[in-house]
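As the structure is a computational prediction, the values presented were derived from the model and not from experiment.
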Amino acid sequence: MQGADSLRDLIREVPDFPRPGISFKDVTPLLASPTGLAGAVSAMAAAAADIRPDLVVGIESRGFIFGVPLALTLGCGFVPVRKPGKLPAAVLRQTYALEYGSDSIEIHADAVAPGQRLLLVDDLLATGGTMVAAASLATQLGGEVAGICFLVELTFLGGRDRLRPYRVDSILQY
Ligand code: AMP
C-alpha cells in the first residue's frame, strides 16, 4: 500500500478553479497512477473495513470512481447518488444550499432496504453540504449510515462538524 505522503504528491492543486479563490484538488494524476489508484482504494478500504457495510453509497461523479472499487474490496454492493434527472426509476430527491443558490441529488427510492448498513463515499469533504444531503436520503430510506469515507478532507472548512454524529474517515487532510 502506498503511504499517505506519496498519495498526496499525486493530487494536483489547481488554483482558482472553478472560481477565483478556490484551490481545486485534482485527483486525475492519482487516478492515472496504477500505484496511486490502488493505494487510495486500499487506504480507504482499510479505514472503513471494520464498518462491515451492506452497501457502499457513492456520490456522482468522483464518489463513483472510488466507491465501486471500495465496494468490490469490501465485498458489498454499490448504490449511486446522482444529479437530478439521471436515475431512471422512482427517486427520492434532496435539495441543499450552496454558497450561491442550491443543488439537488437523487437516489432510487428502492435502492436501500430498511436497516441496511451503509458506507457513504465521496472523493472530497469540503463544507459537507453534499454529504449531509446524501446521508439524509439514505436515512429517509431507512438505511443506517454506519460510516462516511473520503479520500481528501479540507479540514479548515469544518465539514466534519456538520456530519456529526456520523463516523467520518479521510485519508488525506489539508
Ligand atoms: P461540499 O458539499 O462542500 O463538501 O463539496 C463536496 C463536493 O464538491 C465533492 O463532490 C467534491 O468533489 C467537490 N469539491 C468541493 N471543493 C472542492 C475542491 N476544493 N477541490 C475538489 N473538489 C471539490
Assess the residue pair Arg93 and Glu106 against the criterion (salt bridge (Lys or Arg N to Asp or Glu O under 4.0 Å)); give the C-alpha distance rounded to whole Å, side-chain angles, the decisive distance to 0.1 Å, and a yes or no. CA-CA 4 Å; Arg93 175 183 294 195; Glu106 295 180 344; 2.7 Å; yes
State, to 0.1 Å, how close Ala111 and Gln116 come at their nearest heavy-atom pair, and which atoms those are. O-OE1, 4.3 Å
Same cluster (ILVMFWY, side-chain, under 4.5 Å), Leu125 and Ile59: yes
Chi angles and distances behind the side-chain contact (heavy atoms from CB on, under 4.5 Å) call for Phe17, Ile22: CA-CA 6 Å; Phe17 182 87; Ile22 305 285; over 6 Å; no
Report whether Val168 and Ile171 are members of the same hydrophobic cluster (ILVMFWY, side-chain heavy atoms less than 4.5 Å apart, transitive linking). no
Is there side-chain contact between Asp50 and Arg52, with heavy atoms separated by less than 4.5 Å? no
Is Tyr96 linked to Ile148 within one hydrophobic cluster, defined over Ile, Leu, Val, Met, Phe, Trp and Tyr using a side-chain heavy-atom separation of less than 4.5 Å? yes
Whether Ser102 side chain and Leu98 backbone form a donor-acceptor pair below 3.5 Å: no
Would Leu37 end up clustered with Phe64 when hydrophobic side chains under 4.5 Å apart are linked, directly or stepwise? yes
What do the steps show when you test Val152 against Ile11 for side-chain contact (heavy atoms from CB on, under 4.5 Å), and what is the final call? CA-CA 9 Å; Val152 178; Ile11 294 177; 3.6 Å; yes
Compare every heavy atom of Leu163 with every heavy atom of Gly128, then report the nearest pair and how far apart it is. O-CD2, 4.5 Å
Counting N and O atoms only, with roles assigned by atom type, does the side chain of Arg117 sit under 3.5 Å from a partner on the main chain of Ile51, one being a donor and the other an acceptor? yes
Taking it one step at a time, do Asp169 and Arg167 satisfy salt bridge (Lys or Arg N to Asp or Glu O under 4.0 Å)? CA-CA 7 Å; Asp169 292 295; Arg167 167 177 161 176; 2.8 Å; yes
Could you check whether Arg8 makes a cation-pi contact with Tyr174, meaning its NZ or CZ is under 6.0 Å from the centre of the six-membered ring and within 45° of the ring axis? yes
For Lys86 and Glu60, run salt bridge (Lys or Arg N to Asp or Glu O under 4.0 Å): C-alpha distance rounded to whole Å, both residues' side-chain angles, the deciding distance at 0.1 Å, then the answer. CA-CA 10 Å; Lys86 302 282 190 185; Glu60 183 170 359; 5.2 Å; no
Ignoring hydrogens and angles, state whether a donor on the side chain of Glu13 or Ser23 is under 3.5 Å from an acceptor on the partner side chain. yes
Can you check whether Phe150 reaches Phe66 side chain to side chain, under 4.5 Å on heavy atoms? no
Could you tell me if the side chain of Leu124 sits less than 4.5 Å from the side chain of Arg62, heavy atoms only? no
Do Val112 and Asp54 come close enough that some side-chain heavy atom pair is under 4.5 Å? no
Lys/Arg N to Asp/Glu carboxylate O, Glu153 vs Arg160, below 4.0 Å: yes
Would a single hydrophobic cluster contain both Phe78 and Leu137, if residues Ile, Leu, Val, Met, Phe, Trp and Tyr are joined by side-chain heavy-atom contacts under 4.5 Å? no
Leu141 and Leu92, any side-chain heavy atoms less than 4.5 Å apart: yes
Checking Val68, Leu70, Ile65 against Val121 for side chain to side chain contact (heavy atoms under 4.5 Å, CB included), the one that qualifies is Leu70
Should Arg82 and Ile105 be marked as a side-chain contact (heavy atoms from CB on, under 4.5 Å) after you check the CA-CA gap, both sets of side-chain angles, and the distance that decides it? CA-CA 6 Å; Arg82 299 210 61 179; Ile105 51 175; over 6 Å; no
Test your reading of the model: is there a side-chain donor-acceptor pair from His108 to the backbone of Leu87, 3.5 Å cut-off? no
Side chain proximity check, Lys25 to Leu154, heavy atoms < 4.5 angstrom: yes
Any donor-acceptor N/O pair, Ser136 side chain to Val132 backbone, under 3.5 Å: no
Minimum side-chain heavy-atom gap Val81-Val57 below 4.5 Å: yes
For a 4.5 angstrom cut-off between non-hydrogen side-chain atoms, does Pro53 reach Leu74? yes
Step by step, would you call Val91 with Ile107 a side-chain contact (heavy atoms from CB on, under 4.5 Å)? CA-CA 5 Å; Val91 296; Ile107 192 169; over 6 Å; no
